[in-house]
Q: 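Mind looking over this structure? Questions follow.
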Amino acid sequence: MANQPSSYPILCASFNQDNSCFAIGTREGFKIFDCNTGRLLYERVAGAFIIVEMLFSSSLLAIVGAGEQPSLSPRRLCLFNTVTVVALEELNFLTSILAVRMNKKRLIVILQEKTFIYDINSLKILDTIDTVPNPKGLCAFSPSLDGSFLALPASTTKGSLLVYNVSDLRLHCEIDAHRSPLAVLSLSSGGTHIATASEQGTMIRIHLVSDATKSYSFRRGSYSSNIFSLSFAPAPELPDILLATSSSGSVHVFSLGSPPNQRSSGLLGSIKVPHTINDALDPAQHCILHHAVPAGVRSNTLIRKIEKFEETATPEHVVLRATIPMITYGGYFLEYVYNVNHQNKSSWTLEREFNLLSAETSSLP
């Protein structure tokens, strides 16, 4: 999601479709990093950018300027080749570009009240969708060609969304997820599930995309919070866990391993004990890492890798391990490892941390 330039040193941050790399935009230019090693792969100093999107690990980037220089208009999308250092194509729009998404067949451009779907090879416009006012550029897009879905807000007063099949260019379904307007949308990598959070930030819900039915409902906490990101574990079907980050600086992990029959569950952590059965704490379903990043600092995170083990395969009897990289808009990269043992007890380890702004192409954290 693109934002107007702020006081953060990082203006945008995004992971590529297979979680192997990530890109950041700053007031000086943009950088691309290897997510596995943390190595800086590419850097271009060319002014401020509010959108930098990769197409897997290819040399193609979709970039949008912040408007701080006349040549970097927020209404101009540039398709840039990092190998030839050439702008392959430029697309101009009447209003600011708020988000861009890509897979190997489609290019999606989100404006405040319109969404454009392009054939990524010919750049032919395939469809134009008129949307409700969407000033934050909220959207979710699954890169899978088998389940290539795009989700957009359907209302400005409640948390409903429209899901489009961008392969067949048709509306797939409408989902009423929350009473309050949406704040975050996230599709699983296979396009089978969609996670949502509202502006209130207390509930996170997961729906099956195939029939628009609710399959999970989790209570993040009793008090409102801004949800910054939602991320499923990589999986072709039902992911093992869902990750959420919020303005409190905490990371929340929700287990999707056993169907909860649409019941609500709360999160372990320092929250006021709720008074209703639906809000009861259930440590088997979720876990929280407090102070993962400074409170109030925007962050973007995902689950890069999931590993499963037999109970006796590791000394700690770990049965599930998740590698979780985080980008803070304050300029830091952190990578946590989340472990669950055979007794369903969880633990966190900070494996790596380094400054994104001072990284050089010859350096390795």
Q: I'd like to know if the side chain of D168 and the backbone of R170 have a donor-acceptor N/O pair within less than 3.5 Å.
A: no
Q: Does some side-chain heavy atom of F354 sit less than 4.5 Å from a side-chain heavy atom of F33?
A: yes
Q: Kindly say whether A197 contributes a backbone atom to a donor-acceptor pair with the side chain of R220 at under 3.5 angstrom?
A: no
Q: Does Y336 reach the main-chain N or O of A292 with its side chain, forming a donor-acceptor pair under 3.5 Å?
A: yes
Q: When you measure from the side chain of Y329 to the backbone of V297, do you find a donor-acceptor pair of N or O atoms at a distance under 3.5 Å?
A: no
Q: Once rounded to the nearest 0.5 Å, what's the spacing between atom CG of D18 and atom CE of M54?
A: 8.5 Å
Q: With the side chain counted from C-beta on, respond yes when I241 and I303 share a heavy-atom pair under 4.5 Å apart, and no when they do not.
A: yes
Q: Closer than 3.5 angstrom, by distance alone: can the side chain of T26 be matched with the main-chain N or O of I10 as a donor-acceptor pair?
A: no
Q: Cut-off 3.5 Å, side chains only: do T301 and S299 have a donor facing an acceptor?
A: no
Q: Give the C-alpha distance, both sets of side-chain angles, the deciding distance and a yes or no for side chain to side chain contact (heavy atoms under 4.5 Å, CB included) between L126 and Y118.
A: CA-CA 5 Å; L126 302 177; Y118 292 84; 5.9 Å; no
Q: Any salt bridge between K114 and D130, counting N to O under 4.0 Å?
A: yes
Q: Kindly indicate, with the supporting measurements, whether the criterion side chain to side chain contact (heavy atoms under 4.5 Å, CB included) is fulfilled by F116 and L91.
A: CA-CA 11 Å; F116 296 92; L91 301 174; over 6 Å; no
Q: So if you build clusters from Ile, Leu, Val, Met, Phe, Trp, Tyr with side-chain heavy-atom gaps below 4.5 Å, do L171 and V209 land together?
A: no
Q: I need the minimum non-hydrogen distance between L182 and H178, along with the two atoms involved.
A: CD2-CD2, 3.7 Å
Q: V64 vs R76, test: side chain to side chain contact (heavy atoms under 4.5 Å, CB included). Steps then yes/no.
A: CA-CA 6 Å; V64 178; R76 181 183 300 124; over 6 Å; no
Q: Rounded to the nearest 0.5 Å, what separates atom CZ in F56 from atom CG in N103?
A: 6.5 Å
Q: Nearest 0.5 Å please: distance from the OG atom of S96 over to the CD1 atom of I50.
A: 6.5 Å
Q: Determine whether the side chains of S188 and T192 contain a donor N or O and an acceptor N or O closer than 3.5 Å.
A: yes
Q: Classify the angle between the aromatic ring planes of F254 and H252 as parallel (below 30°), tilted (30 to 60°) or perpendicular (above 60°).
A: parallel
Q: Mind checking whether I108 and V166 have side chains closer than 4.5 Å, heavy atoms only?
A: yes
Q: Does the side chain of R304 come under 3.5 Å of the side chain of N19 through a donor N or O and an acceptor N or O?
A: no
Q: Would you kindly check if the NZ (Lys) or CZ (Arg) of R75 is within the cone defined by 45 degrees around the ring axis of F93 and under 6.0 Å from the six-membered ring centre?
A: no
Q: Can you give me the closest heavy-atom contact between S189 and A235, atom names plus distance?
A: OG-O, 3.1 Å
Q: Which atoms form the tightest heavy-atom contact between A177 and T196, and what is the distance?
A: CB-OG1, 3.5 Å
Q: Ignoring hydrogens and angles, tell me if any N or O in the side chain of R352 forms a donor-acceptor pair with the backbone of T37 under 3.5 Å.
A: yes
Q: Go through it in stages, so that I can follow the logic: the residues are L55 and I120, the test is side chain to side chain contact (heavy atoms under 4.5 Å, CB included), and I'd like the CA-CA distance, side-chain angles, deciding distance and then a yes or no.
A: CA-CA 10 Å; L55 180 61; I120 199 167; 4.1 Å; yes
Q: Check for me, please, whether W348 and Y332 land in the same ILVMFWY cluster - side-chain distances under 4.5 Å, paths through other members count.
A: yes
Q: Would you give the length of the straight line joining atom CG of L72 to atom SG of C78, rounded to the nearest 0.5 angstrom?
A: 9.0 Å
Q: Report yes or no: does S155 contribute a side-chain atom to a donor-acceptor pair with the main-chain N or O of G159 at less than 3.5 Å?
A: no
Q: Report yes or no: is the cationic atom of K31 (NZ for Lys, CZ for Arg) closer than 6.0 Å to the six-membered ring centre of Y42, at no more than 45° off its axis?
A: no
Q: Group every Ile, Leu, Val, Met, Phe, Trp and Tyr by side-chain heavy-atom contacts under 4.5 Å, then state whether I129 and I194 land in the same group.
A: no
Q: Does some side-chain heavy atom of I206 sit less than 4.5 Å from a side-chain heavy atom of K214?
A: no
Q: Please test S225 against S247 for side chain to side chain donor-acceptor pair (under 3.5 Å), starting from the C-alpha separation and ending with a verdict.
A: CA-CA 6 Å; S225 181; S247 55; 3.1 Å; yes
Q: Minimum heavy-atom separation for V132 to A154, with atom names?
A: CG1-O, 3.4 Å
Q: So do the side chains of I24 and L11 get within less than 4.5 Å of each other, counting heavy atoms only?
A: no
Q: Any heavy-atom pair between the side chains of T128 and I117 that's under 4.5 Å?
A: no
Q: Please test S142 against S144 for side chain to side chain donor-acceptor pair (under 3.5 Å), starting from the C-alpha separation and ending with a verdict.
A: CA-CA 6 Å; S142 57; S144 170; over 6 Å; no
Q: Angle class for the F49/F30 ring planes (parallel below 30°, perpendicular above 60°, tilted otherwise)?
A: perpendicular
Q: Using a 4.5 Å cut-off on heavy atoms from C-beta on, say whether the side chain of H193 contacts that of P239.
A: yes
Q: To the nearest 0.5 Å, what is the distance between CZ (F228) and CE (M326)?
A: 10.0 Å
Q: Would L107 and L60 show up in the same hydrophobic cluster when neighbours are defined by side-chain heavy atoms closer than 4.5 Å?
A: yes
Q: In Å, rounded to the nearest 0.5 Å, how long is the span from OG of S20 to CG of N36?
A: 7.0 Å
Q: Before we go on, tell me: are the rings of F149 and H172 under 6.0 Å apart, centre to centre?
A: yes
Q: Any donor and acceptor pair, going by atom type alone, linking the side chain of S160 with main-chain N or O of D176 inside 3.5 Å?
A: no
Q: Quick check against the 3.5 Å criterion: does E113 have a side-chain atom that pairs as donor or acceptor with the backbone of P135?
A: no
Q: Show the nearest heavy-atom pair for residues L138 and L185, with the distance to one decimal.
A: C-CD1, 4.5 Å
Q: Taking N300 for its side chain and A13 for its backbone only, find out whether a donor-acceptor pair lies under 3.5 Å.
A: yes
Q: Does the pair T82 and S59 meet the rule for a side chain to side chain donor-acceptor pair (under 3.5 Å), with working shown?
A: CA-CA 5 Å; T82 58; S59 59; 4.8 Å; no
Q: Does the side chain of K158 come within less than 4.5 Å of P181's, by heavy atoms?
A: no
Q: Shared ILVMFWY cluster between L169 and L161, side chains joined below 4.5 angstrom?
A: no
Q: Which heavy atom of H290 sits nearest a heavy atom of S250, and at what distance?
A: ND1-OG, 3.5 Å
